[in-house]
Amino acid sequence: MVESNITTRAKDYAKWYQDVIAAAQLAEPAEVVRGCMVVRPHGWAVWEKIQAELDRRFKETGHQNAAFPLLIPLSFLQKEAQHATGFAMECAVVTHAGLKTVDGKIQLKGELEEPYVVRPTSETIIGHFFAKWIDSYRDLPLLINQWCNVMRWELRTRLFLRTGEFWWQEGHTAHASHEEAQEEVQRMLHIYRDVYENVLAIPVTLGAKTANERFAGAHETFCVEAMMQDGKALQGATSHDLGQNFGKAFNITFQNKSGQREFVWQTSWGASTRMIGALIMAHSDDNGLVLPPRVAPIHVAIVPIWKTDSERAAVVEAAHNLARDLRDDGLIVKVDDREELKPGAKYFEWERKGVPLRLELGPRDLAAGTALSKTRIGDKKEPLSLSALGSEVGRTLDTMQKALFERALAFRQSNTLEVDSWADFEAVFAGAGSKFVYAHWDGTTETELAIKEATKATIRCLPLEGHGPAPSSGRCIKTGKPSARRVLFSKNY
RNA sequence: CGGGGCGUGGCGCAGCCUGGCUAGCGCGCUUCCUUGGGGUGGAAGAGGUCGGAGGUUCAAAUCCUCUCGCCCCGACCA
């Protein structure tokens, strides 16, 4: 069952990341399909937990799920110029339908008159149907979400962070006014924040993207940015104000109360299986995956310990009784009563898989009326009374959930700084180094690109109020020109 | 897509430079025994068209050409 030893973070961070994924059996490269991944059951189970948390919040805010075609007519993509150029290089295209056998070999058969693009995102095809569905202000707002896979022909892939195919949700909404759309953009951004901070236990910085980093076709793009353990930023989710760009491209109009035709104001927002990558790089350690209890597919692993057959019968029965009690409290519990493995081997396995809490139950514990507990992030084992175990376990998991967030927050704080000199700025990003740096910027794309060229650091966002330092004027870190505010710089995934 | 590395039982590798018997090793796997509170020990087994195609040769894992895929660095991106 041991899949591999895990390289330490200090030795090779990229290798460590892959090792954690392999050791926890989260996913693996699809191998026979370029750039794609197989999400293994344990990885998909984590995704299902994340999905459930997001989906509940979407529905609580009035959104409905629907499904749109995987294939998009090529011509649709061309209707919004920015959008088309933004995604042109990453599109996989379906040009044929059907196969034929010639001399025992399979060949392509019918060439399509109009090729289809495998969806890299669905603004265009959803826009087409919105145009059909919307006719009156009474049809608005239209609040739709889709859970699906998309394909982007990436040149360089990394499991969960960037793969040819990935799974996500994409929300698409249409509104009668820009203000209403803008509210929606912020509402969803804050849902992402809520899930990141309260479920994934990852603190995030909310902000707006620069024009250069904006979604292709958007009026404005907002994001949540998280810090990984190597000091790099990871964009965790995005929420776009599409303005009327797609409304005009797809002629999505409605009659307002005074009978006039207007283009709708739209938003789109998405979060993907990349969240699992964020989870790994924010919390995991050199022993493998660490999962916050709220996204753990298994909360508690119970390892019964025995020597003799009679001991075995007693502890295994006690373990199953214990599991039943904990399940009654809503916990997901695994009793590892496999006979072929020594207890130590089981400890390592559940640790690699990120199970938050382990309970050891042996003859000595039974005699004492306790179970020995160890959390995935604690360094010592603690005996818990069996009679009060339910509440104890619940409390321990809550504490761990909070501790993970606090640990990640403290890490981010200790790796965030304000920088005012170019020499200091370069020093932070020298070599493989990265932190969150708040620095002044003159607001031009030229400077943004020059800084990236020189340091590999990019502007992750223009933080929203309450995120990052309070606004203050200063001079651009690179050009010395006047600047009204500091922006967040970091290297990124 | 450019530069670099790699592809040999499930995993990690040796062999390749300098072609030559039945392609080895460690881990894992199967069966049995043993062991059991942090990766038990032993015995006997199973498992490989050497990524794929073509070529050179009496003979190819090894040399040549093409191709597919993975990893790292870069440019592009969630």
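Note that this is a predicted model, so its numbers are computed, not measured. Letters A, B, ... are given to chains in the order of the sequence lines, protein chains preceding strands, and every chain is numbered from 1.
- B:G42 and B:G28 have their P atoms separated by 11 Å, with the value rounded to a whole Å.
- Residues from residues 447-459 of chain A lying near RNA chain B, meaning a heavy-atom separation below 4.0 Å, are A:K452, A:K456 in numerical order.
- The salt bridge (Lys or Arg N to Asp or Glu O under 4.0 Å) pairs that include a residue from residues 213-241 of chain A are A:K209-A:E225, A:E213-A:R460, A:E225-A:R460, where partners are two or more places apart or lie in different chains.
- A:R358 comes within 4.0 angstrom of a nucleotide base, judged by non-hydrogen atoms across all strands.
- Across all strands, A:L234 comes closer than 4.0 Å to no nucleic acid atom at all (heavy-atom distances).
- Taking a pair to require two hydrogen-bonding distances under 3.5 Å in either a Watson-Crick or a G-U wobble arrangement, B:C32 pairs with B:G42.
- Nucleotides B:A60 and B:G15, compared at atom C1', are 14 Å apart to the nearest Å.
- A:K11 places its NZ atom 15 Å from the C1' atom of B:C71, with the value rounded to the nearest Å.
- Annotation: of the two residues near RNA chain B, A:F348 and A:G35, the 5′-most nearest-nucleotide partner is A:F348.
- No more than 12 heavy atoms of other residues, nucleotides or ligands lie within 6.0 Å of CD in A:E317, so this atom counts as exposed by the packing criterion.
- Regarding A:N212, its CG atom lies at a distance of 13 Å from the P atom of B:A75, rounded to whole Å.
- Counting only heavy atoms from C-beta on, A:R34 has its side chain closest to B:C70 among B:C70, B:G39, B:C72.
- Salt-bridge annotation for A:R57 and A:E53: present, with a side-chain N of the basic residue lying under 4.0 Å from a carboxylate O of the acidic one.
- The CD atom of A:E28 sits 11 Å away from the C1' atom of B:C11 (whole-angstrom rounding).
- B:U56: no Watson-Crick or G-U partner with both key distances under 3.5 Å is found in any strand.
- Between A:R352 atom CZ and B:G28 atom C1' there is a gap of 12 Å when expressed in whole angstrom units.
- A:T121 comes within contact range of no nucleotide atom at all, as no heavy-atom separation falls under 4.0 Å.
- Across B:U22 and B:C68, the matching P atoms stand 35 Å from one another, rounded to whole Å.
- The only option from A:H240, A:H63, A:H172 that meets the ring-ring contact (aromatic ring centres under 6.0 Å, His included) definition with A:W269 turns out to be A:H63.
- The environment of CZ in A:F405 is crowded: more than 12 heavy-atom neighbours from other residues, nucleotides or ligands sit within 6.0 Å.
- As the counterpart of B:C17, no nucleotide is assigned, since no Watson-Crick or G-U wobble pattern has both distances under 3.5 Å.
- Base pairing of B:C1: its partner is B:G74, meeting the Watson-Crick or G-U wobble criterion (both donor-acceptor distances under 3.5 Å).
- A distance of about 12 Å separates the C1' atoms of B:G51 and B:A61, rounded to the whole Å.
- In this entry the distance linking CD of A:E154 with C1' of B:G2 reads 17 Å, nearest Å.
- The nearest whole Å value for the distance from the CG atom in A:L161 to the P atom in B:C76 is 18 Å.
- Among the atoms of the strands shown, none is found under 4.0 Å from any heavy atom of A:T238.
- Remark: A:K478 is positioned above the aromatic ring of A:W422, its terminal NZ or CZ atom under 6.0 angstrom from the ring centre and at most 45 degrees off the axis.
- With respect to A:K380 and A:E382, no salt bridge is recorded, no charged nitrogen being found less than 4.0 Å from a carboxylate O.
- Atom P of nucleotide B:C71 and atom CE of A:M37 are separated by 12 Å, given to the nearest angstrom.
- Within a 6.0 Å radius of NZ in A:K381, more than 12 heavy atoms belonging to other residues, nucleotides or ligands are found.
- A gap of 29 Å separates the P atoms of B:G12 and B:G19, to the nearest Å.
- Spacing of C1' atoms, B:A23 relative to B:U49, comes out at 13 Å, to the nearest Å.
- B:G52 and B:G45 are spaced 30 Å apart, taking the P atom of each and rounding to whole Å.
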Which atom pairs, donor and acceptor, lie under 3.5 Å between side-chain atoms of residues 67-81 of chain A and protein residues at least two apart or in another chain?
from, atom 1, to, atom 2, distance (Å)
A:S75, OG, A:E114, OE2, 2.7
A:E80, OE1, A:Q82, N, 3.1
A:E80, OE1, A:H83, N, 2.9

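- No hydrogens or angles considered: a donor-acceptor pair under 3.5 Å links the side chains of A:N149 and A:R119.
- Across all strands, A:G270 comes closer than 4.0 Å to no nucleic acid atom at all (heavy-atom distances).
- Closest to the side chain of A:P29, out of B:C72, B:G38, B:C70, is B:C70.
- If you check every strand for non-hydrogen atoms under 4.0 Å, A:F166 touches a base.
- At the heavy-atom level, A:E351 lies under 4.0 Å from base atoms of the strands shown.
- Close to B:C72, at under 4.0 Å from its OP1 or OP2, lies a side-chain N or O of A:Q18.
- Applying the salt bridge (Lys or Arg N to Asp or Glu O under 4.0 Å) definition to pairs two or more places apart or across chains, those involving residues 279-289 of chain A are A:R9-A:D286, A:D285-A:R376.
- Computed from coordinates, the A:Y13 OH to B:C72 C1' distance equals 16 Å when rounded to whole Å.
- Residue pairs meeting the side-chain hydrogen bond (donor to acceptor under 3.5 Å, both in side chains) criterion with at least one partner in residues 300-309 of chain A, sequence neighbours excluded, are A:T308-A:S310.
- Both distances falling under 3.5 Å, in either a Watson-Crick or a G-U wobble arrangement, occur for no nucleotide opposite B:A23.
- With RNA chain B read from its 5' end, the first of the two nearest nucleotides for A:A216 and A:A345 is the one closest to A:A345.
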Which protein N or O atoms sit under 3.5 Å from an N or O of nucleotides 32-37 of chain B?
from, atom 1, to, atom 2, distance (Å)
B:G36, O2', A:W306, O, 3.0
B:G36, N1, A:W306, NE1, 3.4
B:G36, N2, A:E339, O, 3.0
B:G37, OP1, A:K342, NZ, 2.7
B:G37, N7, A:R364, NH1, 3.1
B:G37, N7, A:R364, NH2, 3.4
B:G37, O6, A:P363, N, 3.2
B:G37, O6, A:R364, N, 2.7
B:G37, N1, A:D365, OD2, 2.3
B:G37, N2, A:D365, OD2, 2.7

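- One P atom belongs to B:C70, the other to B:G39, and the distance between them is 37 Å to the nearest Å.
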